[in-house]
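One structure below.
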There are 2 protein chains.
Amino acid sequence: MKEDSPEKKILEAAKFVFSKKGYSGARMQEIADKAGINKSLLHYYFRSKEKLYDHIFTELTNEFFPDFNKILVSDSNLFKVIEVFFDNHISLLQKNKNIPIFIISELNNNPEKIYKKMLGDFAENSPVALLKVKIKEGIAQGLIREDVNEINLLINMLSLSIFPFLSAPMLKLVSGFSEEKFTLLLEQRKKELPKLIIKSLLPDK
Amino acid sequence: MKEDSPEKKILEAAKFVFSKKGYSGARMQEIADKAGINKSLLHYYFRSKEKLYDHIFTELTNEFFPDFNKILVSDSNLFKVIEVFFDNHISLLQKNKNIPIFIISELNNNPEKIYKKMLGDFAENSPVALLKVKIKEGIAQGLIREDVNEINLLINMLSLSIFPFLSAPMLKLVSGFSEEKFTLLLEQRKKELPKLIIKSLLPDK
DNA sequence: TAATAGTTTGATCTTTTGGTCAAAATTAAA
DNA sequence: TTTAATTTTGACCAAAAGATCAAACTATTA
């Protein structure tokens, strides 16, 4: 498909508008305008708003979930996995800044849709299961506390990497955070967060 | 205002629908149905959808931001402040489970609106400024590391307490998390998260 | 109790918005 | 170069959704 073909332009525009305003907030007219084409052409290529949305949904989740899973699949130990996770996951989000708000919104409006998608993408190797194995190994080696739990760990890791992207608009307003300052903050977090999480796993004393 | 007055019923219904579906996803008809009244009555009491939304917006943020601020205003030391924060903040969110998604969405569609609200509510005593003072005290006493930064600390605290509510629908699907199990998770986090954060602040060794 | 003010409703209007369609323009094929 | 297929457009349609209004109903009060 050519770079500036109508399809490409539509998909790009739709991705932008849907991910920013959600399904109900998005307007076909706005997408058409942004793509520089007639509204009818939208329906020519993608029969309906819903079909177009489904395209975007698939596109966005496809470029996100598999990468997300790959990050956790690794043969290194838990500490290394955590280090790599924050670096890769935050980098991934930097390339798709509005994926978090999109997925969180979708999750609230259509939990089943995301769930089905995840079932397909994660199948056997769910992040939760993977973490569980690594944790068991760590405990067996006496490297981490015995009460470490995979769900809590995953929630903490996801919280810390995703939340800044959800609150980015606020950050930008509050502290006069420029785009560059935000980038700096993220780079700093890529290094600090693994330390923070690992410290919390270590046995006391 | 009486408990079951139309106004009350409308506000309750509107709060539910708006916070679940957002402004553009909400339907006046649905609000009317949920309130058990005629759609015209909605317009009789609140001239327009936007006006009604503004009411809800004010109501939701009013019951949230001031409490949020109160939590951080305290004369105890940083560690105590952190402990109290997680307990109170998570409890507050438990009583308003869909506030996080509402505010995050609003933040993305209308950053200025939230910003103005915060400016009014926080005025002089911004949480950021308050944390900064506590951190300085802690550093002066040699209790915490010297490179601790108030923005990062606040982001971490907010991330860890808010994110579970944003991803609750997923949790409920993935691990067959029931409402009770979710509550249990939260109670556990109220105790674990202060430890996690405090550990990350302590000087090495 | 009669009159007035306030409340509630159903019908209806208007605007917004997703969607269709025939015709024009463009590209590909014969 | 003519013909056929494909793409693009503008005009229009229909449904959805917010808003209005006069009439009916209820409560207040003079």
Side-chain angles (χ1 to χ4, degrees), chain A residues 1-60 98 101-102 105-106 108-110 112-113, chain B residues 1-60 98 101-102 105-106 108-110 112-113:
Chain A
M1 206 188 294
K2 277 199 175 173
E3 194 48 50
D4 62 341
S5 69
E7 272 146 304
K8 260 277 157 64
K9 285 191 291 177
I10 290 173
L11 284 172
E12 193 186 346
K15 188 172 163 182
F16 182 84
V17 176
F18 277 130
S19 67
K20 192 146 193 181
K21 313 213 168 165
Y23 180 79
S24 55
R27 295 288 163 257
M28 293 297 267
Q29 188 60 60
E30 189 183 349
I31 295 173
D33 290 348
K34 201 141 245 151
I37 51 130
N38 192 284
K39 194 178 59 149
S40 307
L41 211 57
L42 244 54
H43 288 90
Y44 177 72
Y45 283 106
F46 310 86
R47 296 178 49 91
S48 67
K49 184 182 182 182
E50 214 175 321
K51 291 249 173 62
L52 178 54
Y53 180 77
D54 282 346
H55 260 257
I56 301 302
F57 174 82
T58 306
E59 198 183 314
L60 281 175
N98 33 24
I101 180 70
F102 177 80
S105 301
E106 183 66 35
N108 269 269
N109 299 328
N110 251 323
E112 297 82 11
K113 197 164 182 174
Chain B
M1 205 188 295
K2 277 198 174 168
E3 194 49 50
D4 62 342
S5 70
E7 272 146 305
K8 260 278 157 65
K9 286 191 291 176
I10 290 172
L11 284 172
E12 194 188 344
K15 188 172 161 182
F16 182 84
V17 176
F18 276 131
S19 67
K20 191 144 194 183
K21 312 213 168 165
Y23 179 79
S24 53
R27 296 287 165 257
M28 294 298 266
Q29 188 61 58
E30 190 184 350
I31 295 173
D33 290 349
K34 201 141 245 150
I37 51 133
N38 193 284
K39 195 175 58 150
S40 307
L41 211 57
L42 245 53
H43 287 89
Y44 177 73
Y45 283 106
F46 309 87
R47 295 179 50 89
S48 67
K49 183 182 182 182
E50 214 177 322
K51 292 248 172 64
L52 178 55
Y53 180 78
D54 281 346
H55 260 256
I56 301 302
F57 174 82
T58 306
E59 197 183 313
L60 281 176
N98 34 19
I101 180 69
F102 177 80
S105 300
E106 183 67 36
N108 269 267
N109 298 328
N110 252 324
E112 298 81 12
K113 198 163 182 174

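Throughout, a chain's letter reflects where its sequence line sits, starting with A, and its residues are numbered from 1.
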With side chain to side chain contact (heavy atoms under 4.5 Å, CB included) as the criterion, how do A:Leu60 and A:Lys15 come out once you've worked through the C-alpha distance, each side chain's angles and the decisive distance to 0.1 Å? CA-CA 8 Å; A:Leu60 281 175; A:Lys15 188 172 163 182; 3.6 Å; yes

Let's go through A:Arg27 and A:Val17 carefully: what are the C-alpha distance in whole Å and the side-chain angles of both, what is the deciding distance for side chain to side chain contact (heavy atoms under 4.5 Å, CB included) to 0.1 Å, and is it a yes or a no? CA-CA 8 Å; A:Arg27 295 288 163 257; A:Val17 176; over 6 Å; no

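Listed here is the closest heavy atom pair of B:Ser24 and A:Ser24: OG-OG, 3.4 Å. Nearest heavy-atom pair across B:Ser19 and B:Asn98 is OG-ND2, 3.3 Å. A pairwise comparison of heavy atoms in A:Ile10 and A:Leu41 identifies CD1-O, 4.2 Å as the closest pair. Of all the heavy atoms in B:Ala35 and B:Lys9, the pair that sits closest is CB-O, 3.6 Å. A pairwise comparison of heavy atoms in B:Asn109 and A:Lys20 identifies OD1-O, 3.5 Å as the closest pair. The shortest non-hydrogen separation linking A:Leu11 to A:Glu59 is CD2-OE1, 4.1 Å.
Annotation: of the two residues near DNA chain D, A:Ile37 and B:Ser24, the 5′-most nearest-nucleotide partner is A:Ile37.
Distance, A:Lys51 NZ to C:dG18 P: 16 Å, rounded to whole Å.
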Letter per nucleotide, 5' to 3', of nucleotides 19-26 of chain C [B base touched, S only sugar-phosphate touched, - untouched; heavy atoms, 4.0 Å]: BBB-----

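Aromatic ring orientation, B:Tyr23 versus B:Phe18: parallel (interplanar angle below 30°, classes split at 30° and 60°).
In this structure, CD1 on A:Ile56 lies 10.0 Å from CD on A:Glu12, to the nearest 0.5 angstrom. Taking CE of B:Met28 as the start and OG of B:Ser48 as the end, the distance is 7.0 Å to the nearest 0.5 Å.
Once you apply a 4.0 Å limit to the heavy atoms of chain A, the touched nucleotides of DNA chain D run 5' to 3' over D:dT6 to D:dA11.
Identified under the salt bridge (Lys or Arg N to Asp or Glu O under 4.0 Å) test for residues 33-57 of chain B, with sequence neighbours left out: B:Asp54-B:Lys113. Among pairs with a residue in residues 30-50 of chain A, those fulfilling ring pair (Phe, Tyr, Trp, His ring centres under 6.0 Å) read A:Phe46-A:His55, at least two apart in sequence or across chains.
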Under 3.5 Å, N/O pairs linking protein and nucleotides 4-7 of chain C:
residue : atom : partner : partner atom : Å
C:dT7   : OP2  : B:Tyr44 : OH           : 2.9

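The rotation axes computed at either terminus of the helix from C:dT1-D:dA30 to C:dA30-D:dT1 lie 0° apart, taking five pairs at each end and rounding to 10 degrees.
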